[in-house]
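Encoded as structure tokens, the structure appears first; notes follow it.
Small disclaimer: the values here were computed from a predicted structure and weren't measured. Positions are given from 1 along the sequence.
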Amino acid sequence: SKSMLKEIRQILNYPINADVALTTVDTEANKRALDEVEEYLKLRDIRQQKIKLKELIGNFNKIPYGWDDLETARLLALLYVKGALEFDMDKQVLSSDKIADVFEKPSQWSGVVIKKRKIVDEDTLKNAVKLGNDIFNTTLPKDEKDLTEQIKSYLQEWHTLLEGWEKQAQDGNPGEKQIQQGLSTTINLLGMKNSTDFLVAFCDNKNELKKTGDFVEQLGKFYQSQKSTWDEMRIALNSFQLFEPVYSWWCSLFAGYSDVP
């Protein structure tokens, strides 16, 4: 029904509604239903069996469940915003908006794969927040999804700066090796789609990230206030190198007169 589809979209787009939905009068029924779906996903995951959206909804449409298709979709939306699963289509992880669109189009259900998400452990979450606060000099959220998004936004800023500096380093400005190392780190992390894997890798790269952060700060100061001096020194050095043969010749010429009183 349209009202159910509207509720599903609200749950997906405004996760706070997931909590509201689970505190209604039928909380116990919701919990039992969610447990049934989670158990189904768990068993299929243990057997390493691919779970298609159409297949899962069809399973709970039958006896002994007899659930309406959209009621099952609603339960899946609740599990999604709680971080328990993700939806893939054409090997791409779907955003919440895309998931809502798919639920409205049963013809697409056979092309959607449901995967149980690995939940990030509490220690990794705490370490990621601490490391991020340290290297980005900020206060990051403690929620896995928001934390991942904000860390990635800061890493993207680093990446953009490093790309610009790489071009200038190729023209003789300092830091080419460190820039390439920093880009390697940001590229690897930004390419990770799964937030749990990303946060684990983020923590594992603690030392490299701290080095990159310090380098980005130092090179930023160089381009803000020291590059003009650097350019003047390069011009002076190039001039010296140009006249160095003449200078050496004059030095050798007068070398014999060094003992003259």
Output for pair (Leu209 CG, Tyr154 OH), nearest 0.5 Å, gives 14.5 Å
Legend entry - Contact check, side chains of Leu56 and Leu76, non-hydrogen atoms, under 4.5 Å: yes
Output for pair (Gln180 CD, Ile187 CD1), nearest 0.5 Å, gives 10.5 Å
So CG of Leu79 and NZ of Lys116: to nearest 0.5 Å the spacing works out to 8.0 Å
Nearest heavy-atom contact between Val129 and Lys142 is CG2-CA, 4.2 Å
| task | Please examine the side chains of Tyr80 and Ile11, heavy atoms only from C-beta on, and report whether any two atoms are closer than 4.5 Å. | result | no
Here the gap from Asp214 atom CG to Ile135 atom CD1, rounded to the nearest 0.5 Å, amounts to 9.5 Å
Are any side-chain N or O atoms of Asn13 and backbone N or O atoms of Ser96, one a donor and one an acceptor, separated by less than 3.5 Å?
no
Looking at Lys31 and Asp35, does any basic side-chain N land under 4.0 Å from a carboxylate oxygen? yes
Exercise for review: Give a yes or no on whether the ring-centroid distance for Tyr65 and Tyr40 is below 6.0 angstrom.
Suggested key: no
### Query
Can you tell me if Asp68 uses its side chain to pair, donor with acceptor, with the backbone of Leu70 under 3.5 Å?
yes
So the ring-ring contact (aromatic ring centres under 6.0 Å, His included) pairs with at least one residue in residues 184-213 (sequence neighbours excluded) are none
- Query: Salt bridge check: are Asp45 and Lys115 linked by an N-O gap of less than 4.0 Å?
  - Reply: no
Exercise. Gln156 versus Lys152: any side-chain heavy-atom pair under 4.5 Å?
Worked result: no
Closest non-hydrogen atoms of Thr124 and Cys203, given as atom of the first, atom of the second and distance, are O-SG, 3.7 Å
Rounded to the nearest 0.5 angstrom, the CD-CG distance for Glu38 and Leu75 is 10.0 Å
Just do the side chain to side chain donor-acceptor pair (under 3.5 Å) check on Glu144 and Thr196 with the steps written out, would you? CA-CA 8 Å; Glu144 178 183 344; Thr196 301; 3.1 Å; yes
Problem - Heavy-atom donor-acceptor pair, Asn61 side chain to Trp67 backbone, under 3.5 Å - result: yes
side-chain contact (heavy atoms from CB on, under 4.5 Å) filter on Ser184, not counting sequence neighbours, yields Asn188
Q) Any side-chain heavy atom of Asp146 sitting closer than 4.5 Å to one from Gln150? A) no
Notebook entry, point to check: Is it true that Glu55 and Arg44 have a side-chain N and a carboxylate O under 4.0 angstrom from each other?
Noted result: yes
Rounded to the nearest 0.5 angstrom, the CG-CD1 distance for Leu94 and Ile99 is 5.5 Å
Would you indicate whether the side-chain heavy atoms of Ile51 and Leu85 approach each other to under 4.5 Å?
-> no
The single option from Glu86, Lys145, Glu149, Arg117 that satisfies side chain to side chain donor-acceptor pair (under 3.5 Å) with Ser195 is Arg117
